[in-house]
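First comes the structure, then the notes that go with it.
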There are 2 protein chains.
Amino acid sequence: MTFSPRTLSLKDNEPLTRSLVEQMALRLSDRILEGHYHPGQRIFEQTIADEFQVSRGPVRECLRLLEKDGLITLVARHGAQVTKLSIEEVKEIFDIRAPLNGLRDRMLAEDPQRELWLPELKKIVAELSLLACSTQSADRYVACVAKLNHQLGVWVSNQRLKNILASLARQTRRYSQLGLSTPARRQQSIQHWQKMVEAIEKGDGDTAQSIACQRVYDSRDAAIHILQNQPASASNDSPTEIKQDLEAREA
Amino acid sequence: MTFSPRTLSLKDNEPLTRSLVEQMALRLSDRILEGHYHPGQRIFEQTIADEFQVSRGPVRECLRLLEKDGLITLVARHGAQVTKLSIEEVKEIFDIRAPLNGLRDRMLAEDPQRELWLPELKKIVAELSLLACSTQSADRYVACVAKLNHQLGVWVSNQRLKNILASLARQTRRYSQLGLSTPARRQQSIQHWQKMVEAIEKGDGDTAQSIACQRVYDSRDAAIHILQNQPASASNDSPTEIKQDLEAREA
DNA sequence: CTTTGTATGATTGTCAACAATATTCTTGAC
DNA sequence: GTCAAGAATATTGTTGACAATCATACAAAG
């Protein structure tokens with residue numbers, strides 16, 4: 001049991017530059033984002049430890065990381081549960097994303113070396129335009145927007161900005177999808193992106209910033225509108241989450 | 001040893017709503033911010049554990065928290081050291097603070113209930129004006145600005161924004177002080193604050209936002225200017241920090 | 001029928017010991 | 001004197017066990 005647990009208890013092909021705890025955090029956050037756990041569901045240390053064939057120590061550190069990332073909520077002497085955001089909290093996060101996306105896109109528009117990555121950007125936006133026309137490809141459109149945002153993060157020089165934006169995007173992933181569920185919204189979205197490319201090409205930071213800001217506010221409003229009309233997915237207020245406890249246990 | 005370690009190993013008067021780990025994180029970050037540890041200094045788990053009279057388990061969780069807060073840097077299989085920021089990194093953080101402070105002050109200016117806290121705000125700004133005139137009270141001026149920023153955080157409704165801003169402010173605390181070291185800069189600073197109060201009183205979100213943004217950029221430029229002319233405090237590039245290791249061990 | 005107290009199990013919080021790795025020190029050759 | 005290899009030490013990574021706390025179920029009293 002004790003021979004080289006770091007390489008054995010997880011996928012061997014993953015790089016060892018990341019610690020065991022960080023690898024677990026990555027895989028756990030994937031599970032949460034893919035909907036394997038649902039909001040409000042409790043997460044038990046021993047369960048996770050068994051699944052990863054690790055003791056509870058590293059699991060606890062891992063949960064601290066996920067808490068700081070906003071994906072789970074830790075209550076002292078009660079444990080962890082997948083973060084369940086109220087409509088107000090979703091709005092809060094989008095409100096923060098707006099000016100930060102504005103900053104990012106301004107920096108990109110004012111990047112002296114933007115010629116290096118502009119072709120790649122145009123390619124993705126073109127791909128996006130095709131998907132936007134199709135009426136039934138909401139998932140693929142969302143995936144492409146995610147890819148686009150990821151690439152923009154790669155090209156931006158401010159590493160901390162990149163990390164904060166990635167964290168906020170993760171926290172609102174499921175709600176961003178909501179905002180792009182109608183073809184009309186996707187049309188609006190693609191127009192924003194096209195104008196963004198223009199602004200970046202011209203080096204117009206002001207325009208790029210305001211477009212980015214507006215784009216986030218539009219997703220915010222669309223998401224909130226849907227959430228308010230379908231309160232089932234965000235208003236389950238049973239205080240103790242008993243059913244979900246049982247689900248977690250029988251798994 | 002085992003009788004109620006949670007209340008015994010730390011100050012008894014602290015509230016128990018916070019876990020032991022969070023209490024330690026608070027006290028450790030205080031130490032870092034007060035300069036008890038200097039940038040680049042290594043932090044050993046066992047040393048901290050001994051000082052707080054706990055085992056290394058909680059200390060490790062605590063260090064994970066501080067890492068996410070940017071106060072320490074964790075390297076796998078090497079340990080923790082107090083984060084040492086390059087000039088570029090300091091600039092990065094200020095660049096993020098600018099639009100977020102802008103958002104905060106816009107939200108404050110557009111708060112329908114701002115009448116409730118405006119008098120208190122005016123009082124602090126008045127206090128600041130007095131300190132700005134005095135030529136030798138840099139420390140007290142900095143402290144007052146910190147109090148002001150803290151209060152603004154209390155009044156803003158977006159909890160996440162408040163937390164992110166607080167974290168970024170902590171990371172740049174020692175550099176913000178640098179930016180306010182000259183009386184001229186303090187004069188510039190107080191003028192910004194006075195215009196801010198006006199804008200908030202009028203409910204002028206646009207102006208409040210742009211003033212806040214400019215205020216951060218001014219501190220950024222002042223801090224960077226000083227850092228570039230006094231590179232001693234940020235360019236100690238000895239890779240292993242040997243001397244500081246020794247200091248830490250003999251303590 | 002509701003409520004209160006109690007017992008029981010489940011879960012988190014902490015610890016001390018061990019394993020694995022990194023660092024420092026010593027020794028020796030050149 | 002400088003460098004390299006190996007030993008010794010220091011430090012981090014992980015574990016299993018125990019203590020403290022929480023939640024639930026159940027019984028008894030009102």
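Quick note: numbers below take in every heavy atom, side chains included, and nothing from hydrogens, waters or symmetry partners. Remember, it's a predicted structure, so these values are computed and weren't measured experimentally.
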Quick note, B/Arg77 side chain, CB onward, closest among D/dG13, C/dT14, D/dT15 is D/dG13
The side chain of A/Phe44 lies closest to which of these nucleotides: C/dT11, C/dG13, D/dT12? C/dT11
Applying side-chain hydrogen bond (donor to acceptor under 3.5 Å, both in side chains) to B/Gln177 and not counting sequence neighbours gives none
Partner set under side-chain hydrogen bond (donor to acceptor under 3.5 Å, both in side chains) for A/Glu120, not counting sequence neighbours: none
Selected nucleotide, minimal atom distance to A/Arg56 side chain, candidates C/dT23, C/dG13, C/dT21: C/dG13
A/His78 side chain near C/dT12 phosphate (N/O to OP1/OP2, under 4.0 Å): no
Kindly write out the residues that satisfy side-chain hydrogen bond (donor to acceptor under 3.5 Å, both in side chains) with B/Arg170, not counting sequence neighbours, or none if the list is empty. B/Asp69
Closest of C/dT14, C/dG13, D/dT12 to the A/Glu45 side chain is C/dG13
Using a 4.0 Å cut-off on heavy atoms, which residues in residues 58-69 of chain A reach DNA chain C? List them by number, or say none. A/Arg60
With sequence neighbours left out, what residues match B/Thr83 under side-chain hydrogen bond (donor to acceptor under 3.5 Å, both in side chains)? B/Thr73
Look at A/Arg215 together with A/Asp105 and state whether they make a salt bridge at an N to O cut-off of under 4.0 Å. yes
Using a 4.0 Å heavy-atom cut-off across all strands, classify A/Gly57 as base, sugar-phosphate, or nothing. base
Can you name the side-chain contact (heavy atoms from CB on, under 4.5 Å) partners of B/Ala169, sequence neighbours left out? B/Arg97
Base, sugar-phosphate or nothing for B/Ile43? Non-hydrogen atoms, less than 4.0 Å. sugar-phosphate
